[in-house]
Amino acid sequence: MKIEPETYAESLAVARARALDWIRSLPTRPVAPTADVTEMERVFREPMPESPTPAPAVVDDLARDAEPGIMAMSSGRFFGWVIGGTLPAALGADWMVSAWDQNAGMRYASPAVAALERVAGEWLVDLLGLPDGSDVGFTTGATMANWTALAAARAAVLDAHGWDVNTRGLQGAPVVTVLVGAERHTSVDLALRYLGFGVPTVVESDDEGRIRIDSLRDALSQVEGPLILCLQAGNLHSGAFDPIGEAADLAHEHGGWVHVDGAFGLWAAASPTLRPRLAGLDRADSWATDAHKTLNVPYDCGVAIVSRTGAVQAALGTQTAYLIRDASEAPDPFDLVPEMSRRARGVPVYAALKQLGRSGVEELVDGLVDAARDLADALGSLPGVEVLNDVVFTQVSLAFGSDDETRAVTARLIEDGAVWMSGSSWRGRAILRVSVSNWSTDSGDVEASVAAVARALDAVRAGATVA
Ligand SMILES: *Cc1c(COP(=O)(O)O)cnc(C)c1O
């Protein structure tokens, strides 16, 4: 096979032009895609090509043909799920990661990316106020960051009860009690399932979805043997934070390991205004977060942070002859995550933190919260609209009367296309959820979004009157 080196120049020139067209269209384009998956499959499906296509044409055609089916998730008017945009330095660094094509698993094999990821990890630990020297691993997302931290927890709590899970597995092991709040994210259940724990023991939560300390006390009084407590920083519907320090201290009295899922909410710790809501955060043993959410790096990037040095390596580390170690005592990147080979996804984190600096991260996080509050205030003052949560962070849950009305407004809004917000249900009611996680959301986006919701509401109410 013969490929001219200059083909890269042509392919990248096409990609750069198409990428810039896309990014420049974000402030004004509708958020929703105009084509669904069926239409997109029709566009792309053909028999497996028998012969080659010139590389620049492949890139150009796919970028052009895909556009109708691309949701503008990086738009300032996108408030679906919790997704986040992309900072310029992070995107540029991500392109370099692809161009370098490093296997980021080993220090010896890729000194620059190992150093960049290590520094990015140290900066994160500093920024979030977590214990110095914590181990940091870069995973695909918070699901696997939860998994990584909980794998370390599993090995540690069983080891403390005289059981080596690496050699003996789980069969016949002492029973590990895993406590979770009633409103933990479903990815925590997934991580526990992947670890062989089955369904965890649920502790009641309060109206904002925070774990209740009195219920936690009751649950702990029943526990004998190994214990893991999973807490949450940032509830999907309310944005609320569990009383982390207090809950952690209680679990520690029972010899437990305390893990915090802070996929988007951990970033509140980078804001001096919000940080008091996370009091005692540093007293947990492990944390999971997503850089692809609040920090606005491109997909994918989760972060698993564990303060008990060596605990992740004890659970996930390995040694074979061909995995050559460098001379240092430091763990290799593959010791801190489930994968061996992987993308250098910590490098865009380095770039994002370098671009923003401490003050920039603070401004980013506070800006998201301000926009969420402005949206809640403006939407909450529309007739018959209820804001169901206390807006302490980036999440706003809204209802528009009955569940049917709320669902109808949500459907109408998505059809309108100017903004995107997700439907969900919370506390037994259908809701429309607004999740602010894009650095670019500004007051113009807030105004346009309020206008779009008002339009949808008017349309639904007008329809209801006619019917
Ligand atoms: C998004 C999210 C997760 C899962 O993260 P992924 O990056 O999708 O794997 C876990 N917990 C919370 C609270 C989340 O918001």
Side-chain angles (χ1 to χ4, degrees), residues 71 73 78-86 90 124 128 136-151 153 178 180-195 200 202 205 208-211 229-242 244 247 258-269 274 277-278 281 284 286-305 337-339 342-343 345-346 348-349 352 365 368-369 372 389 392-397 421-422 424 426 431 433-438:
M71 168 96 84
M73 293 184 183
F78 180 83
F79 305 103
W81 302 282
V82 186
I83 285 197
T86 296
L124 280 177
L128 300 171
V136 180
F138 293 96
T139 61
T140 46
T143 306
M144 287 315 289
N146 281 327
W147 183 91
T148 300
L150 291 169
V178 182
V180 299
E183 294 202 14
R184 78 279 178 198
H185 191 270
T186 183
S187 70
V188 170
D189 295 62
L190 281 179
L192 294 170
R193 194 202 298 171
Y194 303 159
L195 287 163
V202 175
S205 48
E208 296 294 325
R210 296 170 294 219
I211 202 166
L229 170 65
C230 299
L231 298 171
Q232 178 165 262
N235 177 291
L236 222 44
H237 294 113
S238 68
F241 305 92
D242 282 347
I244 293 172
V258 178
H259 172 66
V260 179
D261 173 14
F264 65 96
L266 205 64
W267 300 93
L274 297 166
R277 295 193 180 275
L278 294 166
L281 180 70
S286 60
W287 305 263
T289 193
D290 268 327
H292 60 220
K293 290 181 178 170
T294 314
L295 186 62
N296 282 248
V297 307
Y299 276 87
D300 48 29
C301 188
V303 192
I305 306 172
V337 293
E339 296 87 6
R342 68 172 172 83
R343 176 178 185 77
R345 56 172 67 90
V349 173
V365 175
L368 301 177
V369 180
N389 65 309
V392 294
F393 196 48
T394 54
Q395 310 302 101
V396 185
S397 285
M421 298 169 181
S422 308
S424 183
W426 188 49
I431 61 160
R433 193 188 55 205
V434 182
S435 165
V436 186
S437 55
N438 195 300

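Just so you know, these numbers use all the heavy atoms, side chains as well, and skip hydrogens, waters and symmetry mates. Whatever order the structure lists them in is the order used to number ligands and atoms, beginning at 1.
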- prompt: Distance only, no hydrogens: is a donor on one side chain within 3.5 Å (strictly under) of an acceptor on the other, for N389 and H237?
  reply: no
task: Identify, with sequence neighbours excluded, every residue that meets side-chain hydrogen bond (donor to acceptor under 3.5 Å, both in side chains) alongside Q232.
output: none
- request: Sort out the contact shell of ligand 1: every protein residue with a heavy-atom distance below 4.0 Å, listed by chain and number.
  value: G141, A142, T143, H185, S187, G234, L236, D261, A263, F264, D290, H292, K293
- request: For residues T148 and P338, report the shortest heavy-atom separation together with the two atoms involved.
  value: OG1-CD, 3.3 Å
- request: Please name all residues satisfying side-chain hydrogen bond (donor to acceptor under 3.5 Å, both in side chains) with R342, sequence neighbours left out, ordered by chain then number.
  value: E117
- prompt: Heavy atoms, side chains only, cut-off 4.5 Å: are P348 and T86 in contact?
  reply: no
task: Apply side-chain hydrogen bond (donor to acceptor under 3.5 Å, both in side chains) to S422 and list each qualifying residue two or more places apart in sequence or on a separate chain.
output: none
